[in-house]
Trainee: 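Please see the structure below; I have some questions.
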Amino acid sequence: MNISSRTSDIREPDAHVELPTGVLTGEHVAESVRTIADIADCFHDRAAADAADPAQLAYRVQRHAPVPEGTAGGLMFGATFLQPGRVGDEYLMTRGHFHAKRDAGEYYWHIAGQGMLVMMDEARHCWAVWLRNNALVYVPGRTAHRMVNTGAEPLVAGACWPADAGHDYDAIASHGFATRVRCIDNEPRLVADTE
Ligand code: S6P
Ligand code: ZN
């Protein structure tokens, strides 16, 4: 047995995840930033959205993309850092999306802070799962998903999804989610969008 040839391709990882914080560092890691201006149209209280500072940070997303987006069979790994706060009585949220490849699922797991992952199927039936206490949440295919921060600290969650899932933001931009998470009597409540 040629031991040296068997040990000659031991590599360093190309990236690291700091488990207590979710922060990603290393190769193939990119970051995007969304401000209040980028999510202003998500809130039902447009006057409150217009009154908010458009440049205020809403959330950051870090992605480790070891293969080009769209690669069949590949995976993406990400972390979302969603600021606390409200616009009117509605908590800060991510824009939310269906996957363009509709049957693509996704894993989310809670890292820090407290909030919910709001999901909506194609019939616009909505539900939410708490993102707290190290929750692991599976998002089935054909299900839009959005993080909502109901706490006082940044809500941090990891995610892993197929590299060819793609993102369809238009369906949410046009019709929104059927359910909102609003602060009522100092509690987060799911409220139908028509109310
Ligand atoms: C990607 C995954 C997350 C979100 C992130 C921001 O499939 O679901 O990384 O991209 O939470 O949300 P959004 O809706 O602005 O992409
Ligand atoms: Zn997704």
Side-chain angles (χ1 to χ4, degrees), residues 15 17 21-24 28-43 49 54 56-85 87 90-122 126-132 135-151 154-181:
V17 52
T21 62
V23 170
L24 302 179
H28 306 122
V29 174
E31 180 170 309
S32 57
V33 172
R34 297 278 178 267
T35 64
I36 291 290
D38 294 321
I39 61 168
D41 59 345
C42 295
F43 298 99
Q56 183 187 323
L57 173 67
Y59 59 98
R60 295 186 296 118
V61 181
Q62 289 191 309
R63 287 185 183 174
H64 180 248
V67 293
E69 189 150 9
T71 301
L75 295 170
M76 299 281 174
F77 186 101
T80 303
F81 306 83
L82 174 61
Q83 292 296 109
V87 170
E90 213 171 351
Y91 300 94
L92 293 197
M93 65 186 92
T94 58
R95 288 197 64 82
H97 56 267
F98 285 98
H99 290 146
K101 189 168 177 282
R102 278 292 193 275
D103 59 358
E106 181 166 356
Y107 270 114
Y108 271 76
W109 57 95
H110 171 258
I111 296 171
Q114 176 163 309
M116 298 178 187
L117 191 66
V118 179
M119 288 173 270
M120 179 176 76
D121 67 20
E122 291 179 308
C126 288
W127 68 101
V129 178
W130 283 110
L131 283 175
R132 61 187 182 190
L136 177 66
V137 184
Y138 179 66
V139 180
R142 306 186 177 282
T143 305
H145 41 288
R146 148 183 289 167
M147 283 169 57
V148 177
N149 188 345
T150 61
L155 174 63
V156 185
C160 186
W161 64 98
D164 61 353
H167 296 87
D168 175 5
Y169 293 101
D170 291 348
I172 300 304
S174 303
H175 305 293
F177 279 65
T179 297
R180 297 180 175 279
V181 186

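Indexing begins at 1, ligand by ligand and atom by atom, following the structure's order.
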Trainee: Give the minimum heavy-atom separation between Leu24 and Phe77, together with the two atoms involved.
Mentor: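 Where Leu24 meets Phe77 most closely, the heavy atoms are CD2-CE2, 3.7 Å.
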Trainee: Got a sec, which residues hit ring-ring contact (aromatic ring centres under 6.0 Å, His included) with His110, two or more places apart in sequence or on another chain?
Mentor: none
Trainee: Side chains of His167 and His99: do they bring a donor and an acceptor to under 3.5 Å?
Mentor: no
Trainee: Quick one: CG on Leu131 to OG1 on Thr80, what's the gap to the nearest 0.5 Å?
Mentor: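 Those atoms lie 10.0 Å apart.
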Trainee: Residues in salt bridge (Lys or Arg N to Asp or Glu O under 4.0 Å) with Glu90, at least two apart?
Mentor: Arg180
Trainee: Quick one: pull up CG in Leu82 and CE in Met93 and give me the separation to the nearest 0.5 Å.
Mentor: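 These two atoms lie 9.5 Å from each other.
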Trainee: If we ignore hydrogens and angles and just use 3.5 Å, is the side chain of Asn149 paired with the main-chain N or O of Gln83 as donor and acceptor?
Mentor: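 A pair under 3.5 Å: yes.
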Trainee: Applying the salt bridge (Lys or Arg N to Asp or Glu O under 4.0 Å) criterion to Asp168, which one of Arg102, Arg95, Lys101 satisfies it?
Mentor: Arg102
Trainee: Determine whether Val148 and Leu155 make a side-chain contact, defined as any pair of heavy atoms from C-beta on separated by less than 4.5 Å.
Mentor: no
Trainee: Hey, which protein N/O/S atoms does the Zn ion (ligand 2) have under 2.8 Å?
Mentor: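 Correct list: His97 NE2, His99 NE2, Glu106 OE1, His145 NE2.
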Trainee: If you count only heavy atoms, which residues are under 4.0 Å from ligand 1?
Mentor: Tyr59, Val61, Arg63, Thr80, Thr94, Arg95, Gly96, His97, His99, Glu106, Tyr108, His145, Trp161, His167, Tyr169
